Amino acid sequence: MTNLKPVINDRIIARYKRWAAWTLVTLYLLILIGGIVRATGAGMGCPDWPKCFGSWVPPTDVSQLPDNYKEIYGAKLKGEIEFNPVKTWIEYVNRLFGVFTGSWIFLTLLASVPFLKSNQRSVFFLSLSAFILVAFQGWLGAKVVSTELHPVMVTLHMLLAIVIVFILLFSYAKVSYIDRLKVEKLKKGTSALNTWIVASMAIVTVQIMLGTQVREEIDLAVLALGYGARSGWIDSVGPVYLVHRSFSILVLVSVAGLWYQLKKGTSERGVIRVLSDWMAGLLAAEILTGIVLGYFSVPAFLQPVHLTLAILLLGIQFVLFLFLNAERIFKKRTVELIAAE
């Protein structure tokens, strides 16, 4: 006998959207915390992995370490032999939050299981991919420590975080679309807009990569001048900073132009118009933080904010691209149940 099992309903869809949304929030917070780790020079606050100074709960005072801890860990502390509890706990909180984020991604994976029995099974496989990549991200984090913050490993670690965010953004956008999300119609076709948004995303991505190079140059300046000489960091950075600063003009033109084209191309206010306004707001905040960093001695609290804003901007552009092409990318809007014997 053939029947249809009530696998997917509004409650299941709402649960997936809720858990996926919280997962995205924790991912962006993890990126922010990772930026704080780097801005404060706490990347080697725990010189071993997964433990910290050989313990699951790191020490708060040097008296809790063995007398010869400088001999044991000195080579990994980049010359900063004296124990620094603040940096140790910043790095340890980063690791704990990484585990917390992994738990949310696992919950999102569980919430996606019912989609396996529908024509939207890709939701499950996207969630599974994110979960697998998070596990790989944990392994990559261990490599970042074992290679003593090698610039290539640090950059790969960040890029993988962006990939995970994009996978979950795709899945969340897909479920939102099949959940009757209103996507306004465009006055003309999407061809020109697609070209514009892809070009803008490429420019923003290049700018993020240039920013990581500036960050590496600043790290070298810190080693040479010390944390007390912030006013001299920018002056000691090579030409990559000038390229990064000049490239921001292209970012401004591409994003502002995209915002204008989206506003002109939509006749009503829907999700595309809302997201484009958020994109413009993030652009303004990104430029403002960049100006403050460049002209006010690289304030530590703004470094991670600047990076996180850039990744948020790129994420919104990606979602805009998805919704501009929703009918083609997401195909079927309804959730059809698979017949079961």
Side-chain angles (χ1 to χ4, degrees), residues 15-43 45-46 49-50 52 58 86-111 126-127 129-142 144-145 149 154-173 176 204-205 208 211-212 215 275 278-279 281-283 285-286 288-290 293 299-319:
R15 181 177 62 188
Y16 181 84
K17 288 172 60 179
R18 182 171 63 253
W19 288 6
W22 278 110
T23 300
L24 284 166
V25 169
T26 60
L27 275 168
Y28 276 111
L29 285 175
L30 184 61
I31 290 171
L32 177 64
I33 293 171
I36 292 172
V37 169
R38 197 167 186 192
T40 56
C46 291
W49 194 96
C52 186
V86 174
K87 292 184 177 182
T88 293
W89 276 90
I90 288 174
E91 167 59 12
Y92 192 66
V93 168
N94 177 48
R95 294 184 184 184
L96 290 178
F97 202 83
V99 174
F100 177 71
T101 303
S103 299
W104 269 107
I105 291 181
F106 180 66
L107 287 175
T108 302
L109 174 61
L110 291 179
L126 286 166
S127 303
S129 299
F131 181 72
I132 292 172
L133 287 177
V134 163
F136 181 73
Q137 180 79 321
W139 174 83
L140 194 59
V144 169
V145 174
L149 306 182
V154 172
T155 301
L156 285 176
H157 195 55
M158 185 195 71
L159 286 176
L160 184 56
I162 296 175
V163 170
I164 295 169
V165 167
F166 272 35
I167 290 173
L168 286 172
L169 282 174
F170 187 99
S171 183
Y172 183 83
S176 296
V204 172
T205 301
I208 291 174
T212 63
R215 177 66 248 184
L275 287 173
W278 273 96
M279 179 183 67
L282 285 169
L283 172 66
E286 178 72 357
L288 178 61
T289 55
L293 284 169
F301 74 95
L302 272 188
Q303 288 176 275
V305 172
H306 190 62
L307 171 63
T308 306
L309 287 172
I311 297 175
L312 277 168
L313 174 62
L314 188 61
I316 283 185
Q317 289 185 312
F318 177 63
V319 175

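Since we're looking at a predicted model, the values are computed, not measured.
Taking all atoms of both residues into account, the shortest heavy-atom contact from Thr88 to Cys52 is CG2-SG, 3.6 Å. Annotation for Trp278 and Ile316: closest pair CB-CD1, 3.7 Å, computed over non-hydrogen atoms. Listed here is the closest heavy atom pair of Ile167 and Ser129: CD1-CB, 4.4 Å. Of all heavy-atom pairs spanning Gln317 and Met279, the tightest one is CG-SD, 3.7 Å.
With a 6.0 Å radius and a threshold of 12 heavy atoms from other residues, nucleotides or ligands, Tyr28 has its OH atom above the threshold. In Trp89, the CH2 atom is crowded: over 12 heavy atoms of neighbouring residues, nucleotides or ligands sit closer than 6.0 Å.
Checked against Leu309 for a side chain to side chain contact (heavy atoms under 4.5 Å, CB included), the options Leu282, Leu302, Leu283 give a single hit: Leu282. Checked against Leu24 for a side chain to side chain contact (heavy atoms under 4.5 Å, CB included), the options Leu29, Ile164, Leu168, Ile105 give a single hit: Leu168.
Using a 4.5 Å heavy-atom threshold, the side chains of Phe131 and Thr108 count as separate. When side chains are defined from C-beta on, Leu160 counts as touching Leu133, because their heavy atoms get closer than 4.5 Å. Between Val163 and Leu159, every side-chain heavy-atom pair lies at or beyond the 4.5 Å cut-off. Using a 4.5 Å heavy-atom cutoff, the side chains of Leu107 and Thr23 are not in contact. Using a 4.5 Å heavy-atom threshold, the side chains of Val165 and Leu314 count as separate.
Sorted by first and then second residue, the side chain to side chain donor-acceptor pair (under 3.5 Å) pairs with a member in residues 162-172 read Tyr16-Ser171; sequence neighbours excluded.
In this structure, CG in Leu96 is found 10.5 Å from OG1 in Thr101, a value given to the nearest 0.5 Å. Met158 contributes atom CE, which lies 5.5 Å from atom CD1 of Ile311 (distance to the nearest 0.5 angstrom). Between atom CD1 of residue Ile162 and atom CD1 of residue Ile31 there is a gap of 6.5 Å, rounded to the nearest 0.5 Å. Distance CD/Gln137 to CG/Leu27: 9.5 Å, rounded to 0.5 Å. Atom CG of Leu32 is separated from atom NE2 of His306 by 13.5 Å, given to the nearest 0.5 angstrom.
For Phe166, the ring pair (Phe, Tyr, Trp, His ring centres under 6.0 Å) criterion is met by Phe318, not counting sequence neighbours. In this structure Thr212 satisfies the side-chain hydrogen bond (donor to acceptor under 3.5 Å, both in side chains) test with no other residue, sequence neighbours excluded.
A donor-acceptor pair is defined here as one N or O able to donate and one able to accept, closer than 3.5 Å; such a pair exists between the side chain of Arg95 and the backbone of Cys46.
Using cut-offs of 30° and 60° for the angle between ring planes, the Trp104 and Phe100 rings count as perpendicular.
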